[in-house]
Amino acid sequence: MKPVNLKSTLFPAVCLVFFTLFFQARKGLAVDENLLICRVPRYCGGQLIKFPFFMQELNEPRCGYPGFNISCRTNNTTAVISLRDGDYIIRDIFYQNQSFLVSKPDRDAVCSHSMRNISLPEDRFYLPENQRDMVLLFNCNLTTRAVAELSRYKVDCDESNTTLALLNGDPELSLASEYCTKSVLAPVAFIDGDQGVEDVVNRGFVLNWIASNCSICQSTGGKCGFDYK
Ligand SMILES: *[C@@H]1O[C@H](CO)[C@@H](O)[C@H](O)[C@H]1NC(C)=O
Ligand SMILES: *[C@@H]1O[C@H](CO)[C@@H](O)[C@H](O)[C@H]1NC(C)=O
Ligand SMILES: *[C@@H]1O[C@H](CO)[C@@H](O)[C@H](O)[C@H]1NC(C)=O
Ligand SMILES: *[C@@H]1O[C@H](CO)[C@@H](O)[C@H](O)[C@H]1NC(C)=O
Ligand SMILES: *[C@@H]1O[C@H](CO)[C@@H](O)[C@H](O)[C@H]1NC(C)=O
Ligand SMILES: *[C@@H]1O[C@H](CO)[C@@H](O)[C@H](O)[C@H]1NC(C)=O
Ligand SMILES: *[C@@H]1O[C@H](CO)[C@@H](O)[C@H](O)[C@H]1NC(C)=O
Ligand SMILES: *[C@@H]1O[C@H](CO)[C@@H](O)[C@H](O)[C@H]1NC(C)=O
């Protein structure tokens, strides 16, 4: 009985089947150590962490894809993943459609001048198309005429310089950017007129991941993982 190999064009992942393991174990043969380790369910803040993700602190890179390392912080309650522009909190993982919900780690990201444009490792993650971008404009110096037209976009930040937030595509965007020195794009999944910009940005956005489809492997009782031999 040979393990089934599912080869992706992007990364070579491996599908190991349970009954192979039991078969080998009964016969007293060497049990595949990788399979045993990756079978143990891992949780961070109640969220199941499994392939293609793996837990950074447990040092089990063979259980996931490179770049899918999750750090479980704040007393093992917060799952954190690194994108190019910085760390994000994983709020939910949807294994069935290969996507996950993330948000900035700091509550006041919107008012922070150090905020950066999102930058993805494009060989791993991409933004689904059904989302909007919020444009945050920093260091705005509004003239009296502009104040009248743009004040409804003002973000309630505790500072002297004005910050504005508009949805990408808003007709007032080009006017607004004339008065500000820095602009940052923030993807958002939920647009709710009743919510402030900060809440909308804090609720986060969805990312899709690119990886081989492990549900085929898992439906046959297998466990997806890397075969480091
Ligand atoms: C972590 O948990 C310990 C014990 O439950 C608690 O004393 C501590 O304040 C917690 N730390 C944080 C950062 O939540
Ligand atoms: C977090 O989880 C790790 C691994 O499971 C464990 O060793 C550590 O004691 C936990 N830390 C806290 C604060 O619960
Ligand atoms: C994931 O691994 C990379 C490379 O080792 C590291 O730079 C990054 O900080 C890690 N991410 C997390 C969330 O720990
Ligand atoms: C993965 O494969 C399963 C079974 O063939 C299918 O139902 C599912 O939609 C696929 N998922 C993705 C993200 O392609
Ligand atoms: C995947 O499914 C979840 C839960 O149904 C949903 O919230 C999320 O938006 C979906 N992801 C994509 C990329 O559509
Ligand atoms: C306020 O905006 C000006 C330019 O309009 C900039 O030089 C200054 O650094 C900003 N202040 C802060 C606190 O960012
Ligand atoms: C803001 O704009 C006004 C009018 O254009 C200008 O006089 C003032 O110096 C500007 N302030 C800053 C901090 O750039
Ligand atoms: C963010 O991206 C936009 C559009 O690509 C660009 O105009 C802007 O300068 C970028 N902001 C920063 C801080 O790099």
Side-chain angles (χ1 to χ4, degrees), residues 11 42-45 47 49-93 100-106 109-127 131-151 153-155 157 159-170 172-188 197 201 204-205 207 209 211 226 228:
F11 304 97
R42 303 295 186 197
Y43 291 89
C44 180
Q47 174 71 58
I49 307 297
K50 62 177 188 178
F51 187 89
F53 298 96
F54 65 95
M55 299 273 254
Q56 169 95 8
E57 284 82 7
L58 298 176
N59 196 22
E60 295 170 352
R62 67 186 86 175
C63 299
Y65 276 138
F68 286 75
N69 50 313
I70 286 176
S71 174
C72 195
R73 299 193 189 150
T74 328
N75 274 357
N76 293 345
T77 59
T78 311
V80 172
I81 192 161
S82 308
L83 302 182
R84 287 228 172 91
D85 58 300
D87 288 351
Y88 285 79
I89 293 175
I90 297 187
R91 307 215 164 263
D92 214 341
I93 304 179
F100 58 114
L101 178 66
V102 293
S103 65
K104 296 266 183 193
D106 38 338
V110 167
C111 292
S112 151
H113 291 244
S114 60
M115 187 148 170
R116 297 164 71 186
N117 273 329
I118 175 150
S119 174
L120 299 173
E122 279 167 8
D123 56 340
R124 285 174 217 141
F125 306 128
Y126 64 94
L127 287 159
Q131 285 184 126
R132 305 291 301 275
D133 281 320
M134 192 73 95
V135 183
L136 299 166
L137 299 169
F138 295 100
N139 298 338
C140 305
N141 178 12
L142 303 184
T143 63
T144 42
R145 186 182 77 88
V147 166
E149 277 190 68
L150 301 172
S151 58
Y153 300 113
K154 263 173 95 166
V155 184
C157 296
E159 58 178 27
S160 50
N161 281 351
T162 304
T163 298
L164 300 176
L166 294 81
L167 276 176
N168 204 3
D170 190 301
E172 302 274 33
L173 187 57
S174 61
L175 172 72
S177 19
E178 281 174 33
Y179 296 96
C180 313
T181 61
K182 182 185 172 186
S183 80
V184 167
L185 281 174
V188 288
V197 177
V201 172
F205 58 93
L207 281 175
W209 72 76
F226 265 103
Y228 284 103

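Atoms within each ligand, like the ligands themselves, are counted from 1 in listed order. Sequential numbering from 1 along the given sequence is applied to the chain's residues.
Ion pairing between a basic and an acidic side chain is recognised when a charged N comes within 4.0 Å of a carboxylate O; Asp170 and Arg132 show no such pairing.
In the vicinity of Lys182, heavy-atom distances shorter than 4.0 Å reach the ligand 8 atoms 13 (C). Those atoms of ligand 3 with a heavy atom of Val80 less than 4.0 angstrom away are 13 (C).
Protein heavy atom in closest approach to atom 2 (O) of ligand 8: Asn117 ND2, 2.3 Å. Among protein heavy atoms, atom 1 (C) of ligand 3 sits closest to Asn69 ND2, 1.4 Å.
Counting only heavy atoms, the protein gets under 4.0 Å from atom 10 (C) of ligand 3. Atom 5 (O) of ligand 8 lies below 4.0 Å from none of the non-hydrogen atoms of the protein.
Close N/O approach between Ser82 and ligand 3 is found [any backbone or side-chain N/O within under 3.5 Å]. Note: an N/O pair closer than 3.5 Å links Asn141 and ligand 7 by distance alone. By the 3.5 Å distance cut-off applied to N or O atoms, Ser183 is counted among the residues near ligand 8.
Ring geometry for Phe51 against Tyr65 counts as tilted: the plane angle lies between 30° and 60°, on a 0 to 90° scale. Relative orientation of the Trp209 and Phe100 rings is tilted, given thresholds of 30° and 60° on the angle between their planes. Ring geometry for His113 against Phe138 counts as tilted: the plane angle lies between 30° and 60°, on a 0 to 90° scale.
Between Gly67 and Arg124, the shortest heavy-atom contact is CA-NH1, 3.6 Å.
Among Val135, Thr162, Leu167, Leu164, the single residue meeting the side chain to side chain contact (heavy atoms under 4.5 Å, CB included) criterion with Tyr153 is Leu164.
Using a 4.0 Å cut-off between heavy atoms, Arg73 contacts ligand 3 through its side chain alone, with no backbone atom that close.
Between the side chains of Thr143 and Arg145, no donor N or O sits under 3.5 Å from an acceptor N or O.
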